[in-house]
Amino acid sequence: MPTIRQLPPNVVNKIAAGEVIERPASVVKELVENSLDAGAGRIDVTVEQGGIELIRVVDDGWGVAAEQLELALASHATSKILDADDLFRVGTLGFRGEALASIAAVSRLVFRSRPAEADLAAELEVVGGRAEPLRPAGGPHGTAVEVRNLFFNTPVRQKFLRTTQTEMGHLTEAVSRLALAHPHVHFTLSHGGRLIHDLPPGDAGQRIAALFGAELAEGLIPIDSVDGDLHLSGAVANPSHSRPNNRMQYLFLNGRFIRDRSLQHALGEAYRGLLLTGRFPVCFLHLRMPPAEVDVNVHPTKLEVRFQDGGRIYSQLLGTLRTKFLSTDLIARAQVPIATGGGVDGDEELRAATASPTQDLWEWAKRQLGPARSDDGPGGAFASPSPFGERADALQLHRVDLPPLVGR
Ligand SMILES: Nc1ncnc2c1ncn2[C@@H]1O[C@H](COP(=O)(O)OP(=O)(O)OP(=O)(O)O)[C@@H](O)[C@H]1O
Ligand SMILES: [Mg+2]
């Protein structure tokens, strides 16, 4: 009969790292999340060789006291929750107390920190999970974490690393997600001595423009709706900016990028008829709700969450987008008939008059005229019995203009 043994901590940490640290991009995500949780106003990410050789994240957050450094790198050690009840009021991005220990188990990590009140920084180096003695160091207030030779002691995982270019693609995407969720924070990303992103603090629209270009940002349709304690804000793109996959569907929950099939479905439904098959809408949507209404502790990387009332969120998203596409705002702008004298006997004339980024939307709205479908998905509670029918006249005769997001 085989003997049962408790695993030593370094093996436990390596197993934990397997769940959370898949590639360099995961390290960047975890380190930047720590910087954001520490109230950083500026976060600089520097990488070499797609992050395989080096990842350095420097922030100006509140730092870690020298006497707490070892604990910060230990597993299941966190300043963010105290007990199990806190799991239902998590207001920070981290809470598992595992990320640093996991990264340190599979790399050569140096953690240097100097809180505002300290005269000197302190530095701790951990190589493959083994900590060197704590040492004093120079450096500004805040925290700098350097991770070198990722997976140097886990050859199997190392084999799964892809080319520098592929890893860099994942890493850039990880930074973009964090930067979109926190536009008020200054981010930079450099690779091999080249500055890839310099994102000064701004509003959501400016951040989108800086990452994806002014053309996309200017065509965005702002979204803002409140239902009790559920707040949905952000923007969705004009259908002309659709993509062949859903990778540009940026959904954030309480400042955290998430993937949620149900909400992606709601988005697809809202754009139904507006996009060709195989095309996906682009969105940058932020959901805010009390932490007690969502379980973020269902996925090691917290990418997936479980909503207490998913149907309600589905309905709010779908309802808000549909209403927005044909909203009172739009209708109000449509009160003045277009200058053709209203003699719209052919669509061509009207199409010429609506030659703007909103044309596709107008086309879609026209197609949608008529009774609402009953297949509104899981929540099924999109209330209006005929959301498009009553708008028919206005839509057929008048131009629809959408206000840009940027600068609002
Ligand atoms: N950049 C930083 N600035 C200030 N404190 C930090 C920073 N990075 C880590 N810490 C401290 O170290 C602790 C451990 O970090 P670690 O990332 O391992 O766990 P966590 O963030 O608490 O939870 P999770 O494993 O979910 O990320 C944090 O709780 C925090 O107190
Ligand atoms: Mg963390």
Side-chain angles (χ1 to χ4, degrees), residues 9 12-22 25-46 55-84 86-107 109-118 121-126 129 131 134 137 139-147 174 178 181-182 185-187 253-258 291 295-305:
V12 172
N13 286 346
K14 267 194 186 173
I15 292 171
E19 283 189 337
V20 185
I21 309 301
E22 192 192 345
S26 338
V27 174
V28 169
K29 171 187 171 286
E30 294 298 334
L31 297 183
V32 172
E33 285 189 352
N34 280 347
S35 300
L36 289 165
D37 281 345
R42 177 175 179 132
I43 302 173
D44 295 296
V45 182
T46 308
I55 294 165
R56 184 188 300 118
V57 174
V58 179
D59 70 52
D60 60 357
W62 55 64
V64 180
E67 61 276 13
Q68 293 243 289
L69 268 195
E70 280 177 17
L71 205 50
L73 286 147
S75 57
H76 311 301
T78 181
S79 57
K80 300 172 191 176
I81 59 169
L82 279 177
D83 54 34
D86 284 349
L87 282 175
F88 301 100
R89 26 176 195 257
V90 174
T92 47
L93 296 166
F95 59 85
R96 293 161 46 104
E98 284 215 76
L100 286 179
S102 296
I103 299 166
V106 294
S107 69
L109 181 146
V110 177
F111 192 102
R112 185 171 59 244
S113 199
R114 182 176 162 204
E117 57 282 2
E123 188 174 276
L124 189 64
E125 183 166 359
V126 187
L134 193 72
H141 297 298
T143 301
V145 187
E146 274 185 18
V147 175
L178 291 153
H182 302 274
V185 175
H186 191 160
F187 281 87
L253 168 74
N254 294 344
R256 185 194 305 283
F257 175 85
I258 58 160
D295 189 355
V296 287
N297 189 27
V298 291
H299 192 276
T301 65
K302 307 156 189 129
L303 183 65
E304 286 160 27
V305 297

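Atom set for the values below is all heavy atoms of this structure, side chains included, hydrogens, waters and symmetry mates excluded. Order of appearance sets the numbers: ligands from 1, and atoms from 1 within every ligand.
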With heavy-atom distances below 4.0 Å as the criterion, list the atoms of ligand 1 near [X].
X   : value
A77 : 14 (C)
E30 : 27 (O)
G94 : 21 (O), 23 (O), 24 (P), 26 (O), 27 (O)
F95 : 23 (O), 24 (P), 26 (O)

What distance separates [X] [atom1] from [Y] [atom2], expressed to the nearest 0.5 Å?
X    : Y    : atom1 : atom2 : answer
K80  : L93  : NZ    : CG    : 7.5 Å
H141 : E117 : NE2   : CD    : 9.0 Å
S113 : L124 : OG    : CG    : 11.0 Å
L31  : E146 : CG    : CD    : 11.0 Å
L134 : F111 : CG    : CZ    : 11.5 Å
L71  : H76  : CG    : NE2   : 12.5 Å

What do we get for [X] next to ligand 1 when only non-hydrogen atoms under 4.0 Å count, side chain, backbone, both or neither?
X    : answer
E33  : neither
L100 : both
V57  : neither

If we only count N/O pairs under 3.5 Å, is [X] in contact with ligand 1?
X   : value
G97 : yes
A38 : no
W62 : no

Review point. With respect to I103, which candidate in V126, I21, N13, L73 satisfies the side-chain contact (heavy atoms from CB on, under 4.5 Å) definition?
Key: I21
Practice item. Mark the output for K302 as yes if a heavy-atom distance to ligand 1 is under 4.0 Å, and as no if none is. Key: yes
Check your understanding: Is the shortest distance from a heavy atom of G61 to ligand 1 less than 4.0 Å?
Key -> no
Point to revise | Nearby protein N/O/S atoms (those under 2.8 Å) for the Mg ion (ligand 2), with water ignored | key: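 Within the sphere that stays under 2.8 Å of the Mg ion (ligand 2), the protein atoms of type N, O or S are N34 OD1.
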Exercise for review: Flag the pair F95 / D86 as yes when at least one side-chain heavy-atom distance between them is below 4.5 Å, and no otherwise.
Suggested key: no
Exercise for review: Please examine the side chains of P300 and R96, heavy atoms only from C-beta on, and report whether any two atoms are closer than 4.5 Å.
Suggested key: yes
Check your understanding: Of E98, K80, H76, which has the heavy atom at the shortest distance from atom 25 (O) of ligand 1?
Key -> E98
Exercise for review: Go through the steps to decide whether S35 and V57 satisfy the test side-chain contact (heavy atoms from CB on, under 4.5 Å), and finish with yes or no.
Suggested key: CA-CA 8 Å; S35 300; V57 174; 3.7 Å; yes
Exercise for review: Start with the C-alpha gap between E30 and V20, add the side-chain angles, then the distance that decides, and say whether side-chain contact (heavy atoms from CB on, under 4.5 Å) holds.
Suggested key: CA-CA 9 Å; E30 294 298 334; V20 185; 3.4 Å; yes
Exercise for review: Begin with the C-alpha distance, continue with both residues' side-chain angles, and end with the deciding distance and a verdict on side-chain contact (heavy atoms from CB on, under 4.5 Å) for L303 and F257.
Suggested key: CA-CA 7 Å; L303 183 65; F257 175 85; 3.7 Å; yes
Review point. Which heavy atom of the protein is the closest neighbour of atom 31 (O) of ligand 1, given with residue, atom name and distance?
Key: S79 OG, 2.5 Å
**Study point:** Closest non-hydrogen atom pair, E22 against S26
**Key:** N-OG, 2.9 Å
